[in-house]
Amino acid sequence: MSRNIDTGFRIKELEKNPNIINVSERSISYNPEFKTKAGKEYKKGEIPPLKFS
């Protein structure tokens, strides 16, 4: 079962996030550095922030 990302406004808002490389109606591609850092934080039991400084 797949979910579609709302078109229009929501896609434009996601595209503003520096951790996101590409957004389509069906998927989001994240920056590899963000994915690595978020994974490490998750393994430590922390919730990763939406933006890394």
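All heavy atoms count here, side chains included; hydrogens, waters and symmetry mates do not.
- Residues meeting the side chain to side chain contact (heavy atoms under 4.5 Å, CB included) test with Lys43, sequence neighbours left out: none.
- Judged as a side chain to side chain donor-acceptor pair (under 3.5 Å), and not counting sequence neighbours, the contacts of Glu13 are Lys16.
- For Lys12, the salt bridge (Lys or Arg N to Asp or Glu O under 4.0 Å) criterion is met by no residue, not counting sequence neighbours.
- Applying the side chain to side chain contact (heavy atoms under 4.5 Å, CB included) test to Ser29 and every residue at least two apart in sequence or in another chain returns Ile21, Asn22.
- To the nearest 0.5 Å, atom CD of residue Glu33 and atom CG of residue Asn19 are 9.5 Å apart.
- With rounding to the nearest 0.5 Å, the separation of CG in Asn31 from OG1 in Thr36 is 8.5 Å.
- Summarising the geometry, atom CD1 belonging to Ile20 is positioned 11.0 Å from atom CD1 belonging to Ile11; distances are rounded to the nearest 0.5 Å.
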